[in-house]
Amino acid sequence: MAIRLTFWGVRGSIPTPGPKTVKYGGNTSCLELRFGADDRLVIIDAGSGIRELAGKLLANDLKKGPIRTKIFLTHTHWDHIMGYPFFTPIFIPKTELEVYGPVSFEDDPLENVVGAQLRYRYFPVRQEELAASIRYFALKESDQDLGGGLRVRTKYLNHPILVLGYRFEFEGKVLCTAYDHEPYRNYFEVAPDTPGYDAEVVKEGAAAAAAENDKVSQFFRGADLLVHDTQYTQREWEASRKGWGHSTFEWALSAARRAGVKHLVLFHHDPDRSDAKLETILKDCRLLLARKQSPMQVSLAQEGRTFEV
């Protein structure tokens, strides 16, 4: 076992506590990664689920010494950073925290975008009053050596704001994330009888979309574990969700299978998706893989569940 992933938040858009989401969870995005025998900690996203992770760290990790970790944000939409002020280690002296993430076209640095939640107008403690040592780093597409045999590659995904996918490589194992992400599509594809129709433009648009989708597939090719955006069904997406920046179950399943992924985890559950509906979709996905005689495993992201590779 080289990498362990535990989910603390699996929901997209907004927390959804209640009886219909109690099994798989209603907190927004937060992933705990552990690497190797020394249990090195990396966190992806600071949605509402990071509060529960903080409780675990205080009960276990803090006994071994000050908490030192990195948080990699996929992006700064509210559901992915809303738990940050409730991440208790930021209030504890000697905590050392590095926060990485993409910054959009806006002028504000990452420190302001994320840390602005800690202002009196929103929260009773200001960022300047935190006891922890916190540093912020803006990320672009890159390949970084994090030391100790751990590398992380980043890839821009398709969303209304800059989003990064992460590919962690450690001791021959690979874990990838691909959310919030919508497949690239041909915006020039229209019916031939549309005024101004240009067959060559349509052809070029299709080629460009296919090339971008292939880049994403190459990014998670051969991954042992892929956490992929599956907020919508194909029917939902086609009816009214195009351009919202999220994938379908059908797309994720097909893309992961083509890329030779070993285990796909369905993630970023829609706020209106109940536990029962999620299980129906999972059953359908497994039946489809069986019909295609695919060896790929598929699972649902579930709060508190740990996956090992």
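All residue numbers refer to positions in the sequence shown, counting from 1.
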Review point. Taking the six-membered ring for Trp, are His159 and His77 ring centroids under 6.0 Å apart?
Key: yes
Exercise for review: Report the C-alpha distance between Tyr179 and Asp45 in whole Å, list the side-chain angles of each, state the deciding distance to 0.1 Å, and finish with yes or no for side-chain hydrogen bond (donor to acceptor under 3.5 Å, both in side chains).
Suggested key: CA-CA 11 Å; Tyr179 68 87; Asp45 280 338; 3.0 Å; yes
Check your understanding: Is the backbone of Met296 close enough, under 3.5 Å, to the side chain of Ser294 for a donor and an acceptor to pair up by distance?
Key -> yes
**Study point:** side-chain hydrogen bond (donor to acceptor under 3.5 Å, both in side chains) evaluation trace for Glu141 with Thr154
**Key:** CA-CA 5 Å; Glu141 287 190 346; Thr154 58; over 6 Å; no
Review point. So, does Arg4 use its side chain to make a donor-acceptor pair with the main chain of Phe35 at under 3.5 Å?
Key: no
Check your understanding: Who passes side chain to side chain donor-acceptor pair (under 3.5 Å) against Asn60, sequence neighbours left out?
Key -> none
Exercise for review: Answer yes or no: is there a side-chain heavy-atom contact under 4.5 Å between Leu110 and Val99?
Suggested key: yes
Revision key, fill the gap. Here the pair of heavy atoms bringing His268 nearest to Gly12 is CE1-CA, 3.2 Å
Review point. Sub-3.5 Å donor-acceptor pair from the side chain of Asp272 to the main-chain atoms of Ser274, do we have one?
Key: no
Review point. How long is the span from the CD1 atom in Ile50 to the CD1 atom in Ile43, to the nearest 0.5 Å?
Key: 4.5 Å
Check your understanding: Between Ser247 and Pro183, what is the shortest heavy-atom contact and its length?
Key -> OG-CD, 3.6 Å
Point to revise | Side chain proximity check, Leu157 to Leu162, heavy atoms < 4.5 angstrom | key: no
Exercise for review: Check whether any side-chain heavy atom of Leu150 lies under 4.5 Å from a side-chain heavy atom of Glu169, and answer yes or no.
Suggested key: no
Practice item. Salt-bridge test for Arg34 and Glu32: reply yes if a basic N is under 4.0 Å from a carboxylate O, no otherwise. Key: yes
Exercise for review: In sequence, state the C-alpha distance, the side-chain angles, and the governing distance for Asp214 and Arg258, and then conclude on salt bridge (Lys or Arg N to Asp or Glu O under 4.0 Å).
Suggested key: CA-CA 10 Å; Asp214 185 63; Arg258 291 195 308 270; over 6 Å; no
Exercise for review: Measure the shortest side-chain to side-chain distance between Leu253 and Leu288 over non-hydrogen atoms and say whether it is less than 4.5 angstrom.
Suggested key: yes
**Study point:** Centroid-centroid distance, His181 to His75, less than 6.0 Å
**Key:** no
Review point. So do Ile161 and Thr76 actually touch side chain to side chain, heavy atoms under 4.5 Å?
Key: yes
**Study point:** Candidate pair Phe7 and Phe267, rule side-chain contact (heavy atoms from CB on, under 4.5 Å), full reasoning
**Key:** CA-CA 10 Å; Phe7 288 100; Phe267 182 71; 3.7 Å; yes
Check your understanding: salt bridge (charged side-chain N to carboxylate O under 4.0 Å, His left out) with Glu279: which of Lys20, Arg286, Lys23?
Key -> Lys23
Exercise for review: Give the minimum heavy-atom separation between Gln117 and Trp78, together with the two atoms involved.
Suggested key: OE1-CZ3, 2.9 Å
Point to revise | Any donor-acceptor pair under 3.5 Å from Ser48 side chain to Gly83 backbone | key: no
**Study point:** Working for side-chain hydrogen bond (donor to acceptor under 3.5 Å, both in side chains), residues Glu182 and Asn158
**Key:** CA-CA 5 Å; Glu182 182 171 6; Asn158 188 27; 4.9 Å; no
Study note, to complete from the structure: The single option from Arg273, Lys277, Arg241 that satisfies salt bridge (charged side-chain N to carboxylate O under 4.0 Å, His left out) with Glu236 is Arg273
Check your understanding: Is there a side-chain contact between Ile14 and Asp79 (heavy atoms, below 4.5 Å)?
Key -> no
Review point. Do Trp251 and Thr230 come within less than 4.5 Å of each other through their side chains, counting heavy atoms only?
Key: no
Practice item. May I ask you to decide if Asp270's main-chain N or O and Arg11's side chain share a donor-acceptor pair within less than 3.5 Å? Key: yes
Point to revise | Validation row, ring centre Phe168 to ring centre Phe72 under 6.0 Å | key: yes
Point to revise | Aromatic ring proximity, centroids under 6.0 angstrom, Phe219 and Tyr166 | key: no
Check your understanding: Between Tyr232 and Phe249, does the ring centre distance come in under 6.0 Å?
Key -> no
Practice item. Only counting residues at least two apart or in another chain, list the ones meeting salt bridge (charged side-chain N to carboxylate O under 4.0 Å, His left out) with Glu303. Key: none
Check your understanding: Is there a side-chain contact between Val309 and His263, using heavy atoms and a 4.5 Å cut-off?
Key -> no
Review point. Where do Asn213 and Ser217 land on the side-chain contact (heavy atoms from CB on, under 4.5 Å) test, with the steps shown first?
Key: CA-CA 6 Å; Asn213 284 325; Ser217 293; 5.6 Å; no
Check your understanding: If only atom types and distance count, is the side chain of Lys56 paired as donor or acceptor with the main-chain N or O of Glu52 below 3.5 Å?
Key -> no
Check your understanding: Would you find a donor on one side and an acceptor on the other, under 3.5 Å apart, between the side chain of Asp275 and the backbone of Tyr24?
Key -> yes
Check your understanding: So, does Thr69 use its side chain to make a donor-acceptor pair with the main chain of Leu97 at under 3.5 Å?
Key -> no
Point to revise | Thr95 side-chain N/O to Phe91 backbone N/O, donor-acceptor pair under 3.5 Å | key: no
